[in-house]
Amino acid sequence: MALIPHLKLYNSLTRSVEPFVPADAGRITFYSCGPTVYDDAHIGNFRSFLAADVLKRFLQSPLCQLEGTGPGPRTVVHVMNITDVGHMTEDDVADGGGEDKMALAGRRIAEAKKSGKIPANVQIDATDPYAVAGFYAQRFLEDARQLGLLVAIEAQKDASLMPRASAFVPGMVVVIERLIARGNAYVAGSTGQRAVYFSVQSFAGYGKLSGNTLDKLREGEGGRVNAADQAGKRHPADFLLWKEDPRHIMKWESPWGWGYPGWHIECSVMSVWRAAIGRTDTPIGESLPALEQAWGALTSFTKPGSQALIDLHSGGEDNAFPHHECEIAQSCCAFNQTPAGGVFARSWFHARHLFVEGEKMSKSRGNFFTPRDLFAQGHEPAALRLELIRAHYRTNANFTMQGLADSARMVERWRKIASATTPGTTAPKARAQDVLTAFADAMHDDLNVAKAIGAVNAWLNTIATPSADDAEAIRLIDQVLGVLERPRLASQGTELAEYAPGTEPHPAIEGRLQARKAARAAKDFKASDTIRDELAALGYAIKDTPSGRVEVSRKK
RNA sequence: GGCCGCGUGCCAGAGUGGUCUAAUGGGGCGGAUUGCAAAUCCGUUUAUCGUCGGUUCGAAUCCGACCGCGGCCUCCA
């Protein structure tokens with residue numbers, strides 16, 4: 001195996017795998033485009049969040065080496081936004097208007113309560129967009145923590161790591177004003193229906209990330225661009241920074257009247273505020289006044305030349321255009337001394353989309369899973385995490401129930417090693433060192449998690465009795481993979497049986513188990529097997545244990 | 001129409017010029033164990049790498065054409 005001495009990552013900006021070299025290896029700045037909280041995040045969303053999480057973990061691991069610097073320690077300032085501003089919903093009015101997504105989500109919540117999908121005791125005002133966003137944001141954080149998303153766990157202590165767009169609108173206004181002052185944005189329309197647009201022609205680098213340079217963008221193709229909305233623009237690709245709309249469900253005050261921000265600007269503001277400028281002493285909480293200092297910093301912060309503002313920026317592959325392209329334009333024009341040639345982030349990290357059972361995931365196909373659905377069925381968070389990270393982040397991985405089961409078994413196997421306490425000897429120490437090297441080599445190679453896992457399993461096959469050294473090695477590995485540290489779902493026990501997650505004690509089951517116990521005691525195996533078949537028909541699998549109690553789980 | 005990516009066994013998924021006669025996990029098969037199962041453990045099995053052509057001493061790996069799938073160009077992880 002070729003020795004790869006430092007981390008190389010695929011950079012979407014340059015379309016090549018290159019050494020990852022942060023501006024300051026002691027403090028790496030990383031921004032991830034987070035969820036829009038108008039619905040529960042699905043496993044596809046989590047796959048890309050988790051890919052970013054593995055990257056963050058590896059950067060912080062002692063196993064990771066970066067070109068030109070020592071082994072660490074390194075801190076990764078990882079920021080992930082929560083988009084709780086509704087924005088538009090209709091395709092044909094992509095720059096504004098349409099039904100607010102939060103309003104739509106509110107209606108959906110009302111329907112879900114009616115149909116019993118959401119417990120009726122959940123107190124939530126479906127007509128209040130902030131309440132709706134808060135509801136889904138909370139659920140997102142729960143799922144994220146279950147899956148070991150470090151940024152969500154860290155945000156419990158420092159909420160500024162997961163800023164919410166709705167709290168940053170004044171900051172966005174500051175940045176939009178800056179863009180207007182620097183000649184990169186302009187106000188169109190008359191009072192009452194003003195709009196502020198970013199002028200794509202004012203930024204020479206537009207199109208560098210996606211390849212969609214201005215000469216290649218098609219104008220108004222397919223009748224999707226609303227002529228009225230286009231009228232005020234200087235160039236068809238100019239995008240919205242602010243839309244005046246005093247009647248919109250979510251609105252804020254601005255120099256351009258009451259309205260709402262465009263959907264690209266929040267990421268420029270929050271990433272620079274938290275990662276590039278650094279934290280303020282006031283973690284963001286509920287109170288807006290505490291943030292005023294930060295708005296001040298946004299007014300004056302300037303990066304020399306065309307230097308990158310942050311080290312890393314991640315998102316799903318669909319984010320590359322237009323979202324990230326627009327972020328680059330806005331951020332460089334607002335904060336770089338010389339915007340032309342600016343790239344915003346040194347390296348752009350995009351995860352490809354997840355497929356489900358070989359098909360594109362979509363609600364209409366009914367193959368749309370959320371982590372909480374799967375947890376409710378008894379699937380362990382550790383298994384789901386492993387299943388979502390085990391394929392290379394730049395392939396269209398295929399999520400299958402079979403794969404999830406595979407992952408669950410792998411987790412169990414690894415757990416045995418991790419819990420070993422037998423004292424180590426020279427041999428295990430060398431053996432453990434070998435796997436750490438192989439694991440690190442694979443991870444250095446553009447986060448080849450599949451290969452890294454292969455190395456771990458091959459190593460496992462050589463272990464007859466795991467030692468404490470082996471346990472230590474797998475713990476170090478798991479700091480990167482984040483699988484074994486996941487808490488297990490709770491099972492419920494009765495006198496007769498242990499009910500696995502996803503099942504619960506029920507008189508009908510208990511009765512059958514009691515009858516089966518009696519039959520077995522009488523050595524009437526025919527009767528006991530019949531009962532097992534009955535339970536199987538009901539969807540339960542049972543397993544006898546040495547203690548005499550029966551493990552009940554969902555039939556696979 | 002433009003730009004971009006992918007196509008490896010029954011499944012998932014590594015491998016991007018030479019022990020690849022293709023890693024690893026699952027499945028299958030055989031055995032241990034079990035009243036029987038399940039789980040676990042041990043052993044074993046399965047691919048010539050979408051198709052065709054080219055480059056090379058040598059290709060899954062590079063080049064070309066074709067077929068198939070997908071992404072972006074429009075909200076979307």
(message) Measuring only the P atom in each nucleotide, how far is B:G53 from B:G1? A whole number of Å is fine.
(response) 28 Å

(request) Take A:Arg352 and A:Phe355, find for each the nucleotide of RNA chain B with the closest heavy atom, and name the residue whose nucleotide sits nearer the 5' end. (result) A:Arg352

(message) What's A:Ser528 touching, base or sugar-phosphate or nothing? Going by heavy atoms closer than 4.0 Å.
(response) base

(message) Work out how far the C1' atom of B:C66 is from that of B:A77, and round it to whole angstrom.
(response) 33 Å

(message) Generate the contact string for nucleotides 37-42 of chain B. Rules: B means base contact, S means sugar-phosphate contact only, - means no protein heavy atom under 4.0 Å.
(response) BBSS--

(request) Can you tell me the distance, in whole Å, between the NZ atom of A:Lys360 and the P atom of B:A77? (result) 13 Å

(message) Ring of A:Phe399, cation from A:Arg47 - is the NZ or CZ under 6.0 Å from the centre and inside 45° of the axis?
(response) no

(request) Whole angstrom is fine here: how far is it from OH in A:Tyr260 over to P in B:C75? (result) 13 Å

(message) Is there a side-chain contact between A:Asn45 and the phosphate of B:A77, meaning an N or O under 4.0 Å from OP1 or OP2?
(response) yes

(request) Give a yes or no on whether a donor-acceptor pair under 3.5 Å exists between the nucleobase atoms of B:G35, that is its base, and the side chain of A:Asp529. (result) yes

(message) With nearest nucleotide decided by heavy atoms, which residue, A:Gly358 or A:Lys526, maps closer to the 5′ end of RNA chain B?
(response) A:Gly358

(request) Could you check whether A:His353 and the base of B:A77 form a stacked pair, meaning centres closer than 5.5 Å and planes differing by less than 30°? (result) yes

(message) Using atom C1' in both nucleotides, what's the gap between B:A60 and B:G50 to the nearest angstrom?
(response) 12 Å

(request) Select base, sugar-phosphate, or nothing to describe what A:Ala351 touches, counting heavy atoms under 4.0 Å on all strands. (result) nothing

(message) Just the rounded figure in Å: distance from P of B:G68 to CG of A:Asn396.
(response) 19 Å

(message) Between P on B:U24 and CD on A:Glu387, what's the gap in Å once rounded to a whole number?
(response) 19 Å

(request) Using whole Å, report how far CG of A:Asn398 lies from C1' of B:G13. (result) 11 Å

(request) Provide, to the nearest angstrom, the distance between the CZ atom belonging to A:Phe525 and the P atom belonging to B:U34. (result) 13 Å

